[in-house]
Amino acid sequence: MEFEAQQVAQLTGGIVEGDPHARISSFAKIEEGKPGDISFLANPKYESFIYTTGSSVVLVSKAFVATQPVNATLIRVDDPYESVARLLQLYESMKPKRSGIDPLAFVSPTATIGKDVYLAPFAVVGDNAIIGDGAQLYPHATVGDGARIGRGTILYSNSVIYHGCTVGSNCIIHAGAVIGADGFGFAPTADGYEKIPQIGNVTIEDDVEIGANTCIDRSTMGSTIIRKGVKLDNLIQIAHNVEVGSNTVMSAQVGVAGSAKIGEWCMLGGQVGVSGHIKVGPRTLAGAQSGITGKKFIEKGNVAVMGYPAIEHGNFARSAAIYKNLPDLVRQINELQKQVDALRAEKEK
């Protein structure tokens, strides 16, 4: 697929500066670009590469001011990062989609398979499962008995949708993800731990993306719920009976304990931990490795937090500035204590 710079400008609402007929056929990072590539400059730290890049076209901000000659054709847009994301989506949508059921796939006679579905070799669809139109199951993807997969959803290799779970339309489940394994429920007894049956399921709404090797546990009763538009990174653990609000995003290695409720439009950085049975309000931003243990100001949402236990981000920054000086402060306090003790001893003579 080839495009001219002018066509790209029309798609992104940009302005061409240079050759409007410059042809591009692929994407590249600005520091690795070669003729025929399109790149983008969104972070000022990479500005030096725009003067040396081999890319034919570079997307830049309308406010960008070059300090040296630029060989590439520029397309000035409001937001280069958003524009390249839009172009990548278009590029991906133009790829031909696979369809058809491979002879090596297993489909239960009681399953319902929609139109234009792709089932790769060794994909498995269980009893009474429903696969929506245009869904794609790659090798060893497994859909359990009674599970439902929505229209246009993609299950990559070795992803597993357990029995009775529901995945909405236009979702992407990456390799190795497990949806609907038992929640971690055990009752202590004199002889050890007795397993509590997990008889609920997982419900994933539309337009959700779930990263590789992420696990979402089925509920004890009812549903573990992932709302519309949620994006989960790789290696995330969502425990039983959790609810994640719409359009919330989580980075790698986030862990959410049982029955926690996460509001909409939250952003949880890498390795954030959320305690069980608490509420995180909408639009909460949690920095990497924060530990959210249930505070009233977090329940209200619209707050940025950091640290363990998580506190307001500005407070954390001030505390961190003090923390690094604690050894000096301790020495000063000890020295002052010695002086006080000496004055007391002198006074008692």
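Please read all numbers here as calculations on a predicted model, not as lab measurements.
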Side chains of [X] and [Y], heavy atoms from C-beta outward: is any pair under 4.5 Å?
X	Y	value
Ile210	Ile179	yes
Leu41	Leu59	no
Val16	Thr73	yes
Ile236	Val254	yes
Ile173	Thr214	no
Ile238	Met250	yes
Leu336	Gln339	yes
Ile196	Phe186	no

Atom [atom1] of [X] and atom [atom2] of [Y]: how far apart are they, to the nearest 0.5 Å?
X	Y	atom1	atom2	answer
Ile199	Arg218	CD1	CZ	10.0 Å
Asn201	Ser219	CG	OG	5.5 Å
Ser99	Asp116	OG	CG	5.5 Å
Glu92	Lys97	CD	NZ	9.0 Å
Tyr118	Leu137	OH	CG	10.0 Å
Lys295	Ile311	NZ	CD1	10.0 Å

Without hydrogens or angle criteria, can the side chains of [X] and [Y] be said to hold a donor-acceptor pair below 3.5 Å?
X	Y	value
Gln237	Asp217	yes
Gln89	Tyr91	no
Gln198	His240	yes
Gln332	Asp328	no

Has the side chain of [X] got a donor or acceptor atom that lies under 3.5 Å from a matching backbone atom of [Y]?
X	Y	result
Ser223	Ile225	no
Asp145	Asp127	yes
Thr112	Ile130	no
Asn241	Met221	yes
Thr203	Thr166	no
Glu312	Asn315	yes
Gln7	Glu4	yes
Ser290	Ala286	no
Thr284	Val305	no
Ser55	Val58	no

Under 4.5 Å between side-chain heavy atoms, hopping through other hydrophobics if needed: is there a path connecting [X] to [Y]?
X	Y	result
Ile262	Ile292	yes
Tyr308	Met267	no
Val274	Val303	yes
Val202	Val160	no
Leu104	Val124	no

For [X] and [Y], which heavy atoms make the closest approach, and how far apart are they?
X	Y	result
Pro44	Ala42	CD-O, 3.7 Å
Cys266	Val280	SG-CG1, 4.2 Å
Val242	Ala257	CG2-O, 3.2 Å
Phe40	Ile30	O-CB, 4.0 Å
Ser56	Ile24	CB-CG2, 4.3 Å
Ala123	Tyr138	CB-O, 4.0 Å

Under the side-chain contact (heavy atoms from CB on, under 4.5 Å) test, which residues partner Glu2, sequence neighbours left out? Arg23, Ser25
Evaluate the side-chain contact (heavy atoms from CB on, under 4.5 Å) criterion for residues Val8 and Val57: first the C-alpha distance (whole Å), next the side-chain angles of each, then the deciding distance (0.1 Å), finally the verdict. CA-CA 10 Å; Val8 174; Val57 176; 5.6 Å; no
Would you mind checking if [Y] and [X] are paired as a salt bridge, meaning a charged N to carboxylate O distance below 4.0 Å?
X	Y	value
Asp37	Lys34	yes
Arg227	Glu264	no
Asp207	Lys228	yes
Lys195	Asp182	yes
Lys279	Glu299	no
Arg86	Glu82	yes

For the pair Thr12 and Ile75, evaluate side-chain contact (heavy atoms from CB on, under 4.5 Å) and give the outcome as yes or no after the intermediate values. CA-CA 9 Å; Thr12 58; Ile75 299 178; 4.1 Å; yes
Is the centre of the Phe49 ring less than 6.0 Å from the centre of the Tyr51 ring? no
Answer with yes or no after comparing the ring centroid distance for Phe106 and Phe122 against a 6.0 Å cut-off, counting only values under it. no
Whether Phe316 and His313 hold their rings parallel, tilted or perpendicular, with breakpoints at 30° and 60°: tilted
For Tyr46, look at atom OH and say whether over 12 heavy atoms of other residues, nucleotides or ligands are found less than 6.0 Å away. no
Among Asp206, Val117, Asn170, which residue meets the side chain to side chain contact (heavy atoms under 4.5 Å, CB included) test with Arg151? Asn170
Might you work through the side-chain contact (heavy atoms from CB on, under 4.5 Å) test for Arg76 and Leu74, ending with a clear yes or no? CA-CA 6 Å; Arg76 295 186 176 273; Leu74 302 182; 4.2 Å; yes
Decide side-chain contact (heavy atoms from CB on, under 4.5 Å) for Gln136 and Leu155; before the verdict, give the C-alpha distance in whole Å, the side-chain angles of both, and the deciding distance to 0.1 Å. CA-CA 6 Å; Gln136 299 180 58; Leu155 306 183; over 6 Å; no
